[in-house]
Amino acid sequence: MKRRLTAATVAAATALSLAVAPDASAYEFADPGFHKDSSSEVNDTELAGYVLRMVAREVLSKGEGISGPAMASSEAGLFNFGNETTKADLGAARTSSFRNDANNGYKLGTTHDILVGTGIALTLLAGIGGFALSQGLIKF
C-alpha cells in the first residue's frame, strides 16, 4: 500500500509540474517585446509605453492585451488590500511582473499567472508530502 501511494504521489507531482510549466510556444505573444538580457533592464518609460499599448489593445479587442486570469482576479477584487505596506509590496511585485511581460512581449498579467499557478502547485505538493510524512510513508 505504501509503495502505491508513493508512486501515485510521484505521478501527481510529475503531472502538476508539467501542467504548470508549459513550453514557450504555449504563450500568446501580444507584442514583440524588448528582449533585453534581463527584465530589470526595461526602464519605467518603456514599461509605461508597453502598459498603455496593452490597455489600448484590451479596450479595442477584449482579451488581446491583458491576460484573462489576471483580469478576472483584478475584477473580483483579489488585489485590494487595506494595509498600505501590503499595497506597496504588491505594487512592486506587479511592476516586476509587468516588466517581464514587456520584455518578452506577453499579455499583461501572464507572468503573474505563471507565478500564481506555480505557487498553487507547490502548495499542493507540500501538502501531499506532509501527509505522506505524517503517515510514515516517507522515511529519512
Side-chain angles (χ1 to χ4, degrees):
M1 178 68 177
K2 289 182 183 181
R3 289 185 182 176
R4 287 185 197 160
L5 183 60
T6 305
T9 302
V10 170
T14 303
L16 279 172
S17 66
L18 293 174
V20 213
D23 65 321
S25 64
Y27 301 134
E28 293 184 41
F29 295 97
D31 194 80
F34 297 106
H35 300 289
K36 297 185 178 193
D37 290 336
S38 169
S39 60
S40 299
E41 295 175 12
V42 175
N43 65 40
D44 291 340
T45 305
E46 292 170 329
L47 178 60
Y50 187 81
V51 169
L52 286 175
R53 283 197 311 274
M54 293 299 103
V55 169
R57 185 172 285 168
E58 183 69 23
V59 168
L60 295 174
S61 182
K62 189 147 180 83
E64 293 296 316
I66 300 176
S67 164
M71 178 65 88
S73 297
S74 180
E75 288 172 350
L78 296 178
F79 297 133
N80 297 335
F81 295 98
N83 185 330
E84 291 302 318
T85 304
T86 305
K87 285 182 183 177
D89 292 342
L90 182 63
R94 192 177 304 153
T95 299
S96 175
S97 189
F98 285 174
R99 283 186 199 281
N100 189 61
D101 292 340
N103 194 42
N104 293 305
Y106 300 153
K107 292 179 183 179
L108 284 180
T110 300
T111 301
H112 176 265
D113 297 342
I114 292 168
L115 294 173
V116 168
T118 302
I120 291 169
L122 288 174
T123 302
L124 287 172
L125 290 174
I128 291 169
F131 173 76
L133 187 63
S134 71
Q135 297 299 312
L137 300 174
I138 300 174
K139 298 183 181 179
F140 291 102

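Since the structure is predicted, the reported quantities are computational estimates derived from the model, not experimental observations. Values below: all heavy atoms of this structure, side chains included; hydrogens, waters and symmetry mates excluded. Positions are given from 1 along the sequence.
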> About how many Å separate OH of Tyr50 and OH of Tyr106, when rounded to the nearest 0.5 Å?
9.5 Å
> Counting distance only, does the side-chain N/O of Glu64 pair as donor-acceptor with the main-chain N or O of Glu58 below 3.5 Å?
no
> With sequence neighbours excluded, give me every salt bridge (charged side-chain N to carboxylate O under 4.0 Å, His left out) pair touching residues 37-51.
Lys36-Glu46, Asp44-Arg99
> Looking only at heavy atoms, which two atoms of Leu47 and Val42 are closest? And how far apart?
N-CG1, 4.0 Å
> Main chain of Ser67, side chain of Thr110: is a donor-acceptor contact present, judged purely on distance under 3.5 Å?
no
> Taking side-chain hydrogen bond (donor to acceptor under 3.5 Å, both in side chains) as the definition, give me every residue that meets it alongside Asn103, ordered by chain and number, with sequence neighbours left out.
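side-chain hydrogen bond (donor to acceptor under 3.5 Å, both in side chains) check on Asn103 returns nothing, list empty.
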> Just by modelled atom types, is the Gly63 backbone N or O under 3.5 Å from a matching donor or acceptor in the Lys107 side chain?
yes
> For Thr118 and Ile114, indicate whether the former's side chain and the latter's backbone hold a donor-acceptor pair under 3.5 Å.
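Yes: the side chain of Thr118 pairs with the backbone of Ile114.
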> What residues, two or more places apart in sequence or in another chain, satisfy side-chain hydrogen bond (donor to acceptor under 3.5 Å, both in side chains) together with Thr111?
Asn100, Asp101
> Starting from Val59, can I reach Leu52 by hopping between I/L/V/M/F/W/Y residues whose side chains sit under 4.5 Å apart?
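No, Leu52 does not connect to Val59 through the hydrophobic network.
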> Kindly indicate whether the side chain of Phe34, heavy atoms from C-beta on, has any atom under 4.5 Å from the side chain of Asn104.
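No, every pair of side-chain atoms sits at 4.5 Å or beyond.
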> So do Leu137 and Leu133 actually touch side chain to side chain, heavy atoms under 4.5 Å?
no
